[in-house]
Amino acid sequence: MKRALVTGGAGFVGSNLCRRLLELGYRVICLDNLSTGQMRNIKELSGNRNFCFLQRDVCEPFKAEVDEIYNAACPASPSAYQAEPVRTTRTCVLGAINMLELATATGALMMQFSTSEVYGEPSVHPQSESYRGCVNPIGPRSCYDEGKRCAESLCFDYHRQFGTRIKVIRIFNTYGPGMAPEDGRVVSNFIMQALRGEPLTVYGDGSQTRSFQYIDDLIDGILKVMAGRDDFLGPVNLGNPEEFTMSELAELVLRETGSSSGLVKLPSPPDDPTRRRADISLAASELAGWRPKVHLEEGIRRTIDYFKAFV
Ligand code: UDP
């Protein structure tokens with residue numbers, strides 16, 4: 001029976017991963033300080049005797065005998081990671097160090113959950129892993145962007161210096177059940193606003209783009225990366241390459257909810273990337289058969305059903 005440690009295991013991605021690992025027969029230790037993670041996400045898992053939840057901060061060293069470490073702990077919504085920026089950097093950097101120390105000591109395989117934010121405001125489109133990014137090192141997003149970049153750097157230095165077994169994934173915008181309805185991200189905001197009959201808040205002119213990946217597709221990719229060749233370290237993009245403007249997303253949400261809400265244009269947040277699309281050629285060639293399967297329309301429908309309980 002494989003033993004996994006999932007940091008940030010009560011969060012959106014972490015809790016979906018914990019559930020899938022349990023289904024696969026793993027024993028799972030879920031670590032979360034509940035700063036943005038939610039107990040409701042892991043409520044149904046707590047009855048499983050292979051599941052153990054520990055309320056702890058990844059910034060504190062942690063010891064356990066595990067085979068795999070999934071380091072997902074960090075607020076990921078811009079409003080959440082910018083609320084306490086110094087804490088965000090600490091979580092990225094100290095969290096990575098603590099998990100890499102654990103991996104080094106135990107021989108566990110450590111997966112770092114990195115992000116498309118490492119590409120910043122990209123001058124290359126779509127973004128492949130060889131693009132080194134264009135990040136403002138002193139802007140309001142830098143706590144997260146630079147924190148995650150430093151975490152990647154630590155992974156590769158631990159690997160080179162100590163032989164630590166690592167994998168690095170770069171996650172593009174992901175959505176689906178388990179997202180916090182008030183987390184401030186665009187999918188949750190638009191759906192909750194549409195369901196409540198409030199205007200949808202489009203930042204800037206709505207022409208900025210993102211590619212949105214449904215959570216199940218991400219979890220499939222994560223498991224394939226973890227099970228892949230030992231010498232495939234990444235970084236590897238995991239995302240859905242279909243690109244949409246925020247105006248198109250707003251229209252889709254209005255259509256699928258049947259809401260009569262209008263749109264309201266609000267100022268664009270500083271350093272908001274204007275274009276982002278995942279180049280997933282590397283994932284497609286390395287992860288036998290992986291590619292996102294859930295189209296945005298279908299995924300948004302499922303997510304609307306999930307959010308209805310919160311209205
Ligand atoms: N956005 C928006 N309305 C909202 C929330 C976000 O138009 O209520 C825009 C935001 O400016 C950005 C995109 O949606 O261009 C994605 O934002 P999100 O916070 O979901 O994630 P990001 O990719 O910026 O980390």
Side-chain angles (χ1 to χ4, degrees), residues 8 11-13 36 72 74-83 85 88 91-92 113-122 125-127 133-136 139-149 169-176 178-215 218 237-254 257 259 261-278 296 299-300 303-304 307 310:
F12 163 47
V13 174
T36 55
C74 191
S77 153
S79 59
Y81 69 64
Q82 289 172 29
T88 299
T91 303
C92 293
F113 286 45
S114 191
T115 164
S116 54
E117 283 284 323
V118 301
Y119 300 122
E121 169 65 331
H125 194 76
Q127 294 79 51
C134 179
V135 169
N136 175 358
R141 296 176 89 101
S142 64
C143 56
Y144 186 70
D145 300 9
E146 299 289 18
K148 289 285 189 179
R149 287 171 70 96
I169 56 169
R170 291 181 179 158
I171 303 174
F172 282 67
N173 295 63
T174 304
Y175 69 98
M179 287 185 99
E182 315 293 346
D183 86 349
R185 276 185 279 201
V186 68
V187 171
S188 40
N189 274 7
F190 282 180
I191 294 179
M192 291 304 294
Q193 288 159 348
L195 292 175
R196 288 176 173 150
E198 298 164 0
L200 275 56
T201 52
V202 175
Y203 301 163
D205 65 4
S207 66
Q208 70 274 36
T209 66
R210 295 291 187 273
S211 55
F212 295 101
Q213 162 177 239
Y214 190 66
I215 182 68
L218 171 65
N237 290 340
L238 293 179
N240 188 322
E242 285 186 5
E243 184 181 4
F244 295 87
T245 66
M246 295 312 102
S247 300
E248 287 169 335
L249 178 69
E251 292 306 325
L252 173 65
V253 168
L254 290 178
T257 50
S259 169
S261 291
L263 307 181
V264 59
K265 295 263 165 81
L266 295 179
S268 186
D271 291 342
D272 194 18
T274 44
R275 291 185 84 186
R276 181 184 292 161
R277 175 153 71 96
L296 187 62
I300 287 290
T303 311
I304 290 168
F307 278 132
F310 296 95

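All ligand and atom numbering here is 1-based and tracks the order in the structure. Side chains included, hydrogens not; waters and symmetry mates left out as well; all remaining heavy atoms used.
Proximity of Leu200 to ligand 1, defined as any heavy-atom pair under 4.0 Å, is not found for any part of the residue. The residue Ser116 has no part lying near ligand 1, judged by heavy-atom distances below 4.0 Å.
Using a 4.5 Å heavy-atom threshold, the side chains of Cys74 and Cys92 count as touching. Glu242 places a side-chain heavy atom less than 4.5 Å from the side chain of Asn240. Side-chain contact between Leu249 and Ile300 is present, with at least one heavy-atom pair separated by less than 4.5 Å. Proximity of Pro269 to Tyr203: side-chain heavy atoms (C-beta onward) are separated by under 4.5 Å at one or more points. At a threshold of 4.5 Å between non-hydrogen side-chain atoms, the residues Ser114 and Ile171 do not count as touching. Inter-residue side-chain proximity for Arg210 and Pro273 is flagged as met; some heavy-atom pair is nearer than 4.5 Å.
What sits closest to atom 21 (O) of ligand 1 on the protein, heavy atoms only, is Asn173 ND2, 3.5 Å. Protein heavy atom at the shortest distance from atom 13 (C) of ligand 1 is Met246 SD, 3.7 Å. Ranking protein heavy atoms by distance to atom 9 (C) of ligand 1, first place goes to Gln208 NE2, 3.8 Å. The shortest contact between atom 16 (C) of ligand 1 and any protein heavy atom is with Arg210 NE, 3.7 Å. Closest to atom 5 (C) of ligand 1 among all protein heavy atoms lies Tyr203 CE1, 3.3 Å. At the shortest separation from atom 3 (N) of ligand 1 among protein heavy atoms lies Thr201 O, 2.6 Å. In this structure, the protein non-hydrogen atom closest to atom 10 (C) of ligand 1 is Asp272 OD2, 3.5 Å.
Not a single heavy atom of Ser77 sits less than 4.0 Å from an atom of ligand 1.
Only one option out of Asn173, Leu296, Thr209 pairs with Phe244 in a side-chain contact (heavy atoms from CB on, under 4.5 Å); it is Leu296.
For the pair Glu117 and Arg276, the salt-bridge criterion is met [side-chain N within less than 4.0 Å of a carboxylate O]. Remark: Arg141 does not engage Glu146 in a salt bridge, criterion side-chain N to carboxylate O under 4.0 Å.
Checked against the 6.0 Å centroid threshold, Tyr175 and Tyr214 count as a close aromatic pair.
Atom numbering of ligand 1 starts at 1 in the shown order; those under 4.0 Å from a heavy atom of Pro269 are 11 (O). Distances below 4.0 Å separate heavy atoms of Glu117 from the following atoms of ligand 1: 25 (O). Atom numbering of ligand 1 starts at 1 in the shown order; those under 4.0 Å from a heavy atom of Val202 are 7 (O). Counting atoms of ligand 1 from 1 in the listed order, those under 4.0 Å from a heavy atom of Asn189 are 4 (C), 5 (C), 8 (O).
When only modelled atom types and interatomic distance are considered, Gln213 and Thr174 share a side-chain donor-acceptor pair under 3.5 Å.
Below 3.5 Å of separation, one finds no N or O of Gln193 facing any N or O of ligand 1. At a 3.5 angstrom cut-off on N or O pairs, Val186 counts as close to ligand 1. On a distance-only criterion, Arg141 and ligand 1 share at least one N/O pair closer than 3.5 Å.
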